[in-house]
Amino acid sequence: MGHALNNTIQDIYIRFKKMQGFEALWMPGTDHAGIATQNVVEKKLASEGKNKESLGREGFLKEVWKWREEYGSTIINQLKRLGCSCDWTKTRFTMDKGLSDAVLEVFIRLYKKNLIYRGHYIINWCPRCKTALSDEEAQHRDVNGMLYHIKYPVEGGGHVVVATTRPETMLGDVAVCVNPKDKRYKHLKGKTAVLPILNRKLKIIFDKKVDPKFGTGILKVTPAHDPVDFELGNIHKLEPINMMNADGTINEAGGDFKGMDRLEAREAIIEELKERDLFVKSEPHKHAVGHCYRCHTMVEPRLSKQWFVKMKSLAKPALEAVKKGKIKFYPKRWTKVYINWMENIRDWCISRQIWWGHRIPVYYCRKCVQNDKIQNEEGIIVSRIKPDRCPHCGSTEIEQDPDVLDTWFSSWLWPFSTFGWPEKTEELKYFYPTNVLVTAQEIIFFWVARMIMAGMEFMKDIPFEDVYIHGTVRDDTGTKMSKSLGNIIDPIDVINQFGSDALRFSIISITAQGQDVFLSPEKFKVGRNFANKLWNASRFVMMNLKEESIKKDLCRAPDDPALTLADKWILSRFYEMLGDFTKSLTIYRINDAANRIYEFVWHEFCDWYLEIAKSTITQPHTQVTLYRILEKSLRVLHPIMPFITEDIWQRLPREHDADSIMITNLPRMQKEFISKKVDSEMKLLIDVIQAIRNLRATSHIKHDKQVDVFIKAKKKNIPSILNANITYINKLARVGNLNASTRMKKPPHSAVSIIDNMEIFI
RNA sequence: GGGCGGGUAGUUCAGUUGGUUAGAACGGUUGACUUACAUUCAACAGGUCACAGGUUCGAGUCCUGUCCCGCCCACCA
């Protein structure tokens, strides 16, 4: 449903801009969603009793492509069902040849600029997906964990107590650390602690990174499984010990715990510590733990050799572009979020240990790479194609890096790679930079920020001017909709039940700018009922329309003596609405635009004008006005409800050359129709009619009984306005005789209602 | 720890730069098959705008503080 909201917004703008005469291009496309897709295909294989290892890399990729052909069109089909007016001939996919070439080009350029490097660092590791993740892909959630206090014996007698949330990582401990200023532990200087169970000797080191106030003030140091510990390890020259396999099980470093899952090992270790009387206590401790954004498994910080992009220099121009206002966020508040992130940006881990994606264009010479330790870049060959020989030693034993790139490493090039970059194509010249990016807040870091960086780096220009951030779609309890939680509302189901237009209108009308959307199936009735109303109103107009009587030109209409007050009023209201509608869309207040035309069509056109029109339906002025207002309203509404407006429009008498409402223009603004005087006179009538209806209802007068009404007005012009339009009052309020004047006594046995400037008696 | 969003009718929310009587939808009550529409029409009831101060002729709106709810970011193990 998030996609439905997103795509509806995009389609509204594309249609709106097209109808304003612009050449608006909506290029549809999809990314290859590396980890997610690989997971799905692996699951599918598992259900067939196969696995990717037995198929081999090539065989597996064949399966993924097959899957993609079968199911990959789902998103595109949804777009079509929604009515999205994309240019389908330009559909792109991140694994297309052209886009893949762009990825290679970018990798090589950044590598040559020293902005891509390979390094041994603590990264976020998903034990289920068995791959590294970027910082953004590890989503932190508060977890009610435990802080465990454990005794570590000290050689020569005594012990220290360390505090940890992940006791299982003790299997990788290489030291114990205290703050040098902590007086409690001065005596530990020069001593050695002993790791329980494994009996590994642990150096006791001193570093001010340790907060004496936290826990016991003693930190166990696990350089291979914690970022701070890793730094400590570097500073104090400690050799890290990796105690975990790729799947999160304990490896041979863990002695008897080998083979256990990390969480299983945690329990087992605590048990063992208890038996040895080394367990002090555990206390509840709330802390944020990273979770894989694809499978929600708890990620493990893990020392690993990965490829990174240096971000600082890329971020600089991208930051400037936003600070200088070249790119604007709507709502504005996201600007700060963006700036804050960009100013604190960290290097981007781009290698993934999966098979589905763009394979890293790096080759290693086996001879130069000894013992898996690469010295001084020798043995690393970055190349578009596999080189025959190593340029250093001439060896032919060359193999490609097995990893693929982060999916976002292709997505961030989208605004220009889709137009054929690095070729200087006509399309690229014509359409870049683009105007607007519509997306959700969770995508700002993943995609928006990176697209801006890539645009500035490779195109030397912004990729888009406006970034519209819409809210998150939640269910009616406020929980984010997601497949894994099973609380999604499938847009296709809604379309089948209520129709595309109903879906589009409903979701737009309840989405205030940038606010989250709380959805329940009930809410789609708004749009359905509106479509129904519009349909019936149109049916009524068409039933009564005589084609020859609508040919009249309305251009000189503001002064046309044939037009009645009601005619002038609905025209005035229409153009006022048109102005508001256009303005709201321009400033990305889409729900205002939707609700404005809803209000106009339902409560002004249908409730009042149509009712009034019934009594003069055959007269030319009514015929023309009915037709014009309906036809123009359809065009205004078309960007939001393309299907029903097209259908009705096709049935109406034609006055345009266009074969479809899609290629007509929005009604031209004609301010001369907007009249305060007309509006206020009509409002007077409406107020009177409502007051009379109110009196009738509260006096329990049968609805079909005619009543006589007396009105005492405080202003001289009121009686004449009322008398001039007495037929409206007679019909809409079921009034027999109406007597209005500035002087009047309260008639006997009457009920009274007092409104602005008059008293009404019946 | 830092930041952001929100607290307005029974419910879900609008309320743009301060300006008459704070709006809508849904729900509720009452009445109506009024010749486009019961997926409808008419009418009614419902609010100390979280709380406390302040600025102002005037505050739902601006300022300060407090209390709740939600979200994001962050290497206190």
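Residue numbers begin at 1 in each chain, while the letters A, B, ... track the order of the sequences.
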Sequence neighbours excluded, the answer for side chain to side chain donor-acceptor pair (under 3.5 Å) partners of A:H120 is none

Report each atom pair, protein N/O against N/O of nucleotides 3-10 of chain B, whose distance is under 3.5 angstrom.
residue : atom : partner : partner atom : Å
B:C4    : OP1  : A:K336  : NZ           : 3.0

In numerical order, the residues of residues 530-540 of chain A whose heavy atoms come under 4.0 Å of RNA chain B are A:N532, A:K533, A:N536, A:A537, A:R539, A:F540

Between A:S134 and A:E137, is any side-chain donor less than 3.5 angstrom from a side-chain acceptor?
yes

Heavy atoms of other groups near A:K731 NZ, more than 12 under 6.0 Å
yes

A:K731 NZ to B:U34 C1', in whole Å, measures 8 Å

Fill in: Atom C1', compared across B:C69 and B:A77: separation rounded to whole Å
30 Å

Heavy-atom closest pair (A:L202 atom, A:A175 atom, distance to 0.1 Å) is CD2-N, 3.8 Å

Begin from the C-alpha positions of A:R184 and A:D182 and carry the test salt bridge (charged side-chain N to carboxylate O under 4.0 Å, His left out) through to its verdict. CA-CA 6 Å; A:R184 294 173 294 177; A:D182 196 333; 2.8 Å; yes

Quick test of your reading of the model: are A:K683 and A:D687 salt-bridged, counting only N-O distances below 4.0 Å? yes

**OP:** Run the salt-bridge test on A:E576 and A:R596 with the 4.0 Å N-O cut-off and return the result as yes or no.
**Re:** no

What interatomic distance, in whole Å, is found between C1' of B:U56 and the corresponding atom of B:C75? 49 Å

Report, one pair per line, the protein and nucleotides 43-47 of chain B atoms (nitrogen or oxygen only) whose separation is under 3.5 Å.
residue : atom : partner : partner atom : Å
B:C44   : OP1  : A:N694  : ND2          : 3.1

From CG of A:L232 across to P of B:C76 the rounded distance in Å is 14 Å

Nearest-nucleotide check on RNA chain B, A:E136 vs A:I218; residue mapping nearer the 5' end is A:E136

* Asked: Under 4.0 Å between a side-chain N/O of A:R346 and OP1 or OP2 of B:C75, yes or no?
  -> yes

Subject >> Short N-O contact, A:E611 and A:K614, less than 4.0 angstrom >> reply: yes

Just distance, no hydrogens or angles: give the donor-acceptor pairs under 3.5 Å from side chains in residues 139-152 of chain A, sequence neighbours left out.
residue : atom : partner : partner atom : Å
A:H149  : NE2  : A:E283  : OE2          : 3.4
A:Y152  : OH   : A:D173  : OD2          : 2.6

A correct dot-bracket answer for RNA chain B, with pairs being Watson-Crick or G-U at under 3.5 Å, [ ] for crossing pairs and | for inter-strand pairs, is (((((((..((((.....[...)))).(((((.......))))).....(((((..]....))))))))))))....

Applying side chain to side chain donor-acceptor pair (under 3.5 Å) to A:R166 and not counting sequence neighbours gives A:E300

Parallel, tilted or perpendicular, judged at 30° and 60°: which one describes the rings of A:F329 and A:Y338? tilted

Item to check | Nearest-angstrom distance, P atom, B:U30 to B:G58 | outcome: 45 Å

Contacts of A:R266 meeting salt bridge (Lys or Arg N to Asp or Glu O under 4.0 Å) (sequence neighbours excluded), chain-then-number -> A:E168

Contacts of A:F540 meeting ring-ring contact (aromatic ring centres under 6.0 Å, His included) (sequence neighbours excluded), chain-then-number -> none

Whole-Å distance, A:Q441 CD to B:C71 P, equals 11 Å

Produce the list of close N/O pairs, under 3.5 Å, pairing protein atoms with atoms of nucleotides 23-25 of chain B; give distances to one decimal.
none

When A:Q139 and A:G217 are each assigned the nearest nucleotide of RNA chain B, the 5'-most assignment goes to A:Q139

When rounded to whole Å, the CG to C1' distance for the pair A:N529 and B:U40 reads 9 Å

Under the side-chain hydrogen bond (donor to acceptor under 3.5 Å, both in side chains) rule, what do A:Q441 and A:W334 come out as? Steps first, then yes or no, please. CA-CA 8 Å; A:Q441 59 199 58; A:W334 296 110; 5.4 Å; no

Next item on the list: Taking atom C1' in both B:A14 and B:A22, compute the distance separating them and give it to the nearest angstrom.
Entry: 11 Å

| task | Please check the phosphate of B:C76 (OP1 and OP2 only) for any side-chain N or O of A:H285 closer than 4.0 Å. | result | no

A:I590 CD1 to B:A14 C1', in whole Å, measures 16 Å

Contacts of A:F214 meeting ring-ring contact (aromatic ring centres under 6.0 Å, His included) (sequence neighbours excluded), chain-then-number -> A:H285

From CG of A:D207 across to P of B:C75 the rounded distance in Å is 18 Å

Out of B:U39, B:U34, B:A77, minimum distance to the side chain of A:R528 belongs to B:U39

The glycosidic conformation of B:G70, counting syn as within 90° of 0 and anti otherwise, is anti

Practice problem: Quote, to the nearest angstrom, the P distance that separates B:A59 from B:G53. | Solution: 14 Å

Contacts satisfying salt bridge (charged side-chain N to carboxylate O under 4.0 Å, His left out) that involve residues 599-609 of chain A (not counting sequence neighbours) are A:R573-A:E604

Discussion item. Just checking A:Y330 against A:Y468, ring centres under 6.0 Å apart?
Written reply: no

Looking only at atom P, what distance separates B:C41 and B:U35, rounded to whole Å? 14 Å

Polar side-chain contact A:E611-B:A36 base: donor and acceptor under 3.5 Å: yes

- Query: Does a nitrogen or oxygen in the side chain of A:R589 sit under 4.0 Å from OP1 or OP2 of B:G15?
  - Reply: yes

Rounded to whole Å, CG of A:D229 lies from C1' of B:C75 at a distance of 9 Å

Which of B:C41, B:C76, B:C75 is nearest the side chain of A:D211? It is B:C76

Check your understanding: Between A:F308 and A:Y121, does the ring centre distance come in under 6.0 Å?
Key -> yes

Determine the Euclidean distance between corresponding C1' atoms of B:A45 and B:G6; express it in Å to zero decimal places. 28 Å

Rounded to whole angstrom, note down the P distance from B:C4 over to B:A43. 45 Å

